[in-house]
**Student:** 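Have a look at this one.
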Amino acid sequence: MNTAVNTTPANAPLVQGYEVVIGFETHAQLSTQSKIFSRAPTAFGAEPNTQACAVDLALPGTLPVMNVGAVERAIELGLALGSTIAPRSIFARKNYFYPDLPKGYQISQFEIPVVQGGAVEFYLGTEKKTVRLVRAHLEEDAGKSLHEDFIGQTGIDLNRAGTPLLEIVTEPDMRSSAEAVAYAKELHKIVTWIGICDGNMQEGSFRCDANVSVRKPGAELGTRREIKNLNSFKFMQQAIDFEIRWQIEELEDGRAIQQATVLFDPDTGETRAMRSKEDAADYRYFPDPDLPPLVIDPAWVERVRGAMTELPRVMAARFITTYGLSEYDAAALTQSREVASYFEAAAKACGQPKLVGNWIMGEISRRLNAAESDISTCPVTPAQLAQLVARIHDGTVSNNAARQVMDVLWDDPQAQVDEVIEAKGLKQMNDTGALEKIVETVIASNPKNVAEFRAGNAKALNALVGQIMKASAGKANPQQAGELLRSKLAV
Ligand code: ADP
Ligand code: MG
């Protein structure tokens, strides 16, 4: 592990005087049709034990055969995160006994994983964060114990045995539960964006283990406890926050933290020790003699690279150069492929990328959030947004009026922007003669504000513009009104 991080960053947020340190291990289930070392299907939800073949059941005489699709997905993740793809990596046996593990060992990678280094970059609010990766390694999943359908017995379902996983391990770079959740969301975005994982957290396709410790700033890293299998962002935040409070309380009460594996109980909102943590030595890792080293030559890496879709950060960079967006806006508009393509379609259609971006990040996402939905079910099409933005840009409607148009579009997908503007009388007053009359009336009837403005109070101008907007029933262009006022009141 890189020790540079052991120093406390100058801006680390403290909780009751303690610095929080978090590192993540994430299991992403790879979206292959068949298992990592056998041809059994990986589909979710089948009848127990209908998708486990002789290899998955560890019957004598069977041998694992590497699934090329799983390797390519690991390469894709490495390329997406700027990691090194190991030219030669090794599969190892991780030995432990558990009823859902028929071989008595899990095939994983230990000393030489396929993906090494790299980083995940994201925004926490407006602050840019970088979480470094240690590694990502290929491994097989175990089966499942079924407790609910049996009384006094445990059932075993081996459908999941041999499902391909990529375990993605970070340096302990995170300093708060909010940062940890933002990291997990970004990683989730990347694996689903490049299509190596379906990201379904309820079905367990993307599950995170959060390693949490606390220390006084500048001290050695504290002892960590590992919260296992967090499968929703909400529970992730709750679990880490509980764990931080618990650890600080223990230390404040003079007790030392014992390294342990814990589970989060959503019903109580608490974490609970499951077992004391095993060390690597407990697993007696050794290279699996059934599998040759995994050799990946540069030509293979390039083939995979050539077939990959545009990555979020590449797309964000393109949005900055092509559309003149800020880095922050570009990141927000590439939060998912759907948002990005919605933005691009609307921006191209009206030629006003900044305005389009503002509307997507503002009005549209506010409405989608309120409806607990996302852009894929947005009732307003990119073409409609483009049209509305064009009408704002050419001065036909004010921003305020445009919001009223959006109200109508939201409820009626058939509505036409220009017709709504017409029908609701939302056209901005572009006739300077008419506007001038209103400005003059307002000046004449608000001597107090006029005097204040002349005395140097810039805010008084806003009050006058407000009066003009009122007198024009909202149809005046506030910018134009301000300019007219200024020129008429110029001393
Ligand atoms: P193991 O393989 O035993 O789980 P690792 O060294 O691989 O241990 O670390 C697992 C995870 O725990 C990594 O994400 C790492 O960043 C994180 N981690 C290690 N030490 C700490 C610590 N003191 N506090 C918080 N996280 C830690
Ligand atoms: Mg580990």
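Count residues from 1 along the sequence. In each ligand, atom 1 is the first atom listed, and ligand 1 is the first ligand listed. The structure displayed is predicted, hence computed values, not measured ones.
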**Student:** If you count the atoms of ligand 1 from 1 in the order shown, which ones are under 4.0 Å from a heavy atom of G222?
**Tutor:**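 Counting from 1, the qualifying ligand atoms are 23 (N).
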**Student:** Going by the order shown, which atoms of ligand 1 are within less than 4.0 Å of some heavy atom of L221?
**Tutor:**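 Heavy-atom distances to L221 below 4.0 Å select 23 (N).
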**Student:** Can you tell me if E127 and N11 form a side-chain donor-acceptor pair at under 3.5 Å?
**Tutor:**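 There is such a pair (donor and acceptor under 3.5 Å, judged by atom type) between the side chains of E127 and N11.
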**Student:** Considering R225, R224, E220 one by one, which has a heavy atom nearer to atom 20 (N) of ligand 1 than any of the others?
**Tutor:** R224
**Student:** Output yes when the distance from some N or O of ligand 1 to some N or O of T223 is under 3.5 Å, and no in every other case.
**Tutor:** no
**Student:** Could you point out which residue of K103, R160, K35 forms a salt bridge (Lys or Arg N to Asp or Glu O under 4.0 Å) with E140?
**Tutor:**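 With E140 as partner, K103, R160, K35 yield a single salt bridge (Lys or Arg N to Asp or Glu O under 4.0 Å), made by K103.
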**Student:** At a 4.0 Å threshold, what atoms of ligand 1 neighbour a non-hydrogen atom of E171?
**Tutor:** 16 (O)
**Student:** Using a strict 4.0 Å cut-off to heavy atoms of P172, name the atoms of ligand 1 that fall inside it.
**Tutor:**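 Near P172, meaning under 4.0 Å from one of its heavy atoms, ligand 1 has 16 (O), 26 (N), 27 (C).
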**Student:** Out of G23, S213, A210, who is nearest to atom 22 (C) of ligand 1 when you count heavy atoms only?
**Tutor:** S213
**Student:** Whether K128 engages the ring of F122 as a cation-pi pair (distance to the six-membered ring centre under 6.0 angstrom, angle to the ring normal within 45°) should be assessed.
**Tutor:** no
**Student:** Between T170 and R132, do the side chains contain a donor N or O and an acceptor N or O under 3.5 Å apart?
**Tutor:**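 On atom types as modelled, these side chains do not qualify, holding no pair under 3.5 Å.
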**Student:** Go through the side-chain N and O atoms of E19 and T8 and say whether any donor and acceptor fall under 3.5 Å apart.
**Tutor:**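 Yes, side-chain donor-acceptor contact under 3.5 Å.
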**Student:** I'd like to check which ligand 1 atoms, numbered from 1 as shown, lie under 4.0 Å from a non-hydrogen atom of V21.
**Tutor:** 24 (N), 25 (C)
**Student:** For I22 and ligand 1, does the shortest N/O to N/O distance drop below 3.5 Å?
**Tutor:** no
**Student:** Examine K216 relative to Y18 and say whether NZ or CZ is less than 6.0 Å from the centre of the six-membered ring and inside a 45° cone about the ring axis.
**Tutor:**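 Yes, K216 and Y18 form such a contact.
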**Student:** Which of the numbered atoms in ligand 1 are under 4.0 angstrom from any heavy atom belonging to F24?
**Tutor:** 14 (O)
**Student:** Relative to the heavy atoms of V169, which atoms of ligand 1 are at a distance of less than 4.0 Å?
**Tutor:** 13 (C), 14 (O)
**Student:** Which of these passes side chain to side chain donor-acceptor pair (under 3.5 Å) with E139: K94, H27, Q109?
**Tutor:**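 Result: among K94, H27, Q109, H27 is the only option passing the side chain to side chain donor-acceptor pair (under 3.5 Å) with E139.
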**Student:** Is there a polar contact, in the sense of an N or O pair closer than 3.5 Å, between E226 and ligand 1?
**Tutor:**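 Such a contact does not occur with ligand 1.
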**Student:** Counting each atom of ligand 1 from 1 as listed, which ones have a heavy atom of T170 under 4.0 Å away?
**Tutor:**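 Listed by number with element, the hits are 13 (C), 14 (O), 15 (C), 16 (O).
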**Student:** Please tell me whether Q237 and S177 have a donor and an acceptor in their side chains that are separated by less than 3.5 angstrom.
**Tutor:** yes
**Student:** Quick check for you: to the nearest 0.5 Å, what is the distance between Q259 atom CD and N211 atom CG?
**Tutor:**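 So the gap between those two atoms works out to 8.5 Å.
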